[in-house]
Amino acid sequence: MTLYGVGLGPGEADLVTVRGKAVLENADVVYSPGRLSRTVALEHVDESKIGDLDFPMTKDEEKLRAAWKAAAAEIAPNARDGDVAFVTLGDPNVYSTFGHLRRTIDAFHPDVALEIVPGVSAVTAFATAMGVEIEAGAGLSLREAAGGHSPTGPDRMILFKVTDAPATHEGLVEAGYEVTYGRRLFMEQGETIVTDDPAEIDERDYYTLAYAEKADLEVDQTTAAFETDGSESEVRSDGGRELSADELAALERSEGCEGGDCGEHRGGKR
């Protein structure tokens, strides 16, 4: 008898985790705070299991608190009698609406058992889609950039809710950042856009993120030396002498046979 907060991932139905899928399939009721998360959930459960909640589109804090209190009052009895899932895009603990429900449940229904099923967050999905490597030891900050805000400070930032890209871009460039934008990455709904031109995404879209990196940032990783030249002869040597491609191939065959990985050792014929 548990309320599960289930992260659905960035928006494609096949990026829901195995555990998340199992929870959805076994839940008695599945609640969704929005149209997109409902669409993803419906790929895994029948519509008859979807519970209805009403969340007003407002910034009025009193109305929002009242809406979450009503949602908790709806969900709590079902979570006492069976298993209930509340789904959210991304991860339930990263820039998610689930935090509002968790706090409301804790305040008014503390007897309800609660468990969180993590999902692929927008942070990791964004980095993958953009081909950005956040290497070991790197400093990275997550910031919100709604309404044209241009946060600065760290060498690297991933910005959420970039709703006015041109204004945000101007401030970041002035602060010495190079910026790339991604819209609706790994999402089945809407057009996916990757660009470094803010004019291409100047219309407001809640699901726009940005990666900002200091233009003069230098990263010295040990394995970066492998990318300086495609020749393996720079990496493998004999007594300080660089090996030719033929010598390298012969050495690898010899090492393979010593390890039992050639035709004679496998019982084959040469």
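One side chain, R80 or H109, offers a donor N or O that lies under 3.5 Å from an acceptor on the other. Residues S141 and R143 have side chains that bring a donor and an acceptor to within less than 3.5 angstrom of each other. Under 3.5 Å, the side chains of D46 and S48 contain a donor-acceptor pair of N or O atoms.
For the residue pair L114 and I116, the shortest heavy atom distance occurs at CD2-CG1, 4.0 Å. A pairwise comparison of heavy atoms in T168 and S150 identifies O-OG, 2.9 Å as the closest pair. When all heavy atoms are compared, the tightest approach of F160 to A122 is CE2-CB, 3.8 Å. Scanning all heavy atoms of the two residues, the minimum distance from P10 to L15 falls at CG-CD1, 3.6 Å. Between G20 and V6, the closest heavy-atom pair is CA-CG1, 3.9 Å. The nearest pair of heavy atoms linking L172 to P151 is CD2-O, 3.2 Å.
Salt-bridge check for E43 with K21: failed, with every basic side-chain N at 4.0 Å or more from each acidic carboxylate O. The pair K49-D28 does not meet the salt-bridge criterion, since no charged nitrogen lies less than 4.0 angstrom from a carboxylate oxygen. Ion pairing between R204 and D164 fails under the 4.0 Å rule for side-chain N and carboxylate O. Here D52 pairs with R38 in a salt bridge; the nearest charged N to carboxylate O distance falls below 4.0 Å.
With sequence neighbours excluded, no residue satisfies side chain to side chain donor-acceptor pair (under 3.5 Å) with Y177.
Side-chain atoms of S96 never come within 3.5 Å of backbone atoms of N93 as a donor-acceptor pair (strictly under, hydrogens ignored). Side chain of R156 to backbone of K214: no donor-acceptor contact under 3.5 angstrom is found. When atom types are taken as modelled, the side chain of T2 and the backbone of Y4 share no donor-acceptor pair closer than 3.5 angstrom. Side-chain atoms of T39 come within 3.5 Å of backbone N or O of R35 as a donor-acceptor pair. Put simply, the side chain of H44 gets close to the backbone of A13: a donor and an acceptor are under 3.5 Å apart.
Under a hydrophobic-cluster definition in which Ile, Leu, Val, Met, Phe, Trp and Tyr are linked whenever side-chain heavy atoms come within less than 4.5 Å, directly or via other members, V87 and V45 are assigned to the same cluster. Following chains of ILVMFWY side-chain contacts shorter than 4.5 Å, one can reach V112 starting from V29, so the two form part of one hydrophobic cluster.
V16 places a side-chain heavy atom less than 4.5 Å from the side chain of V40.
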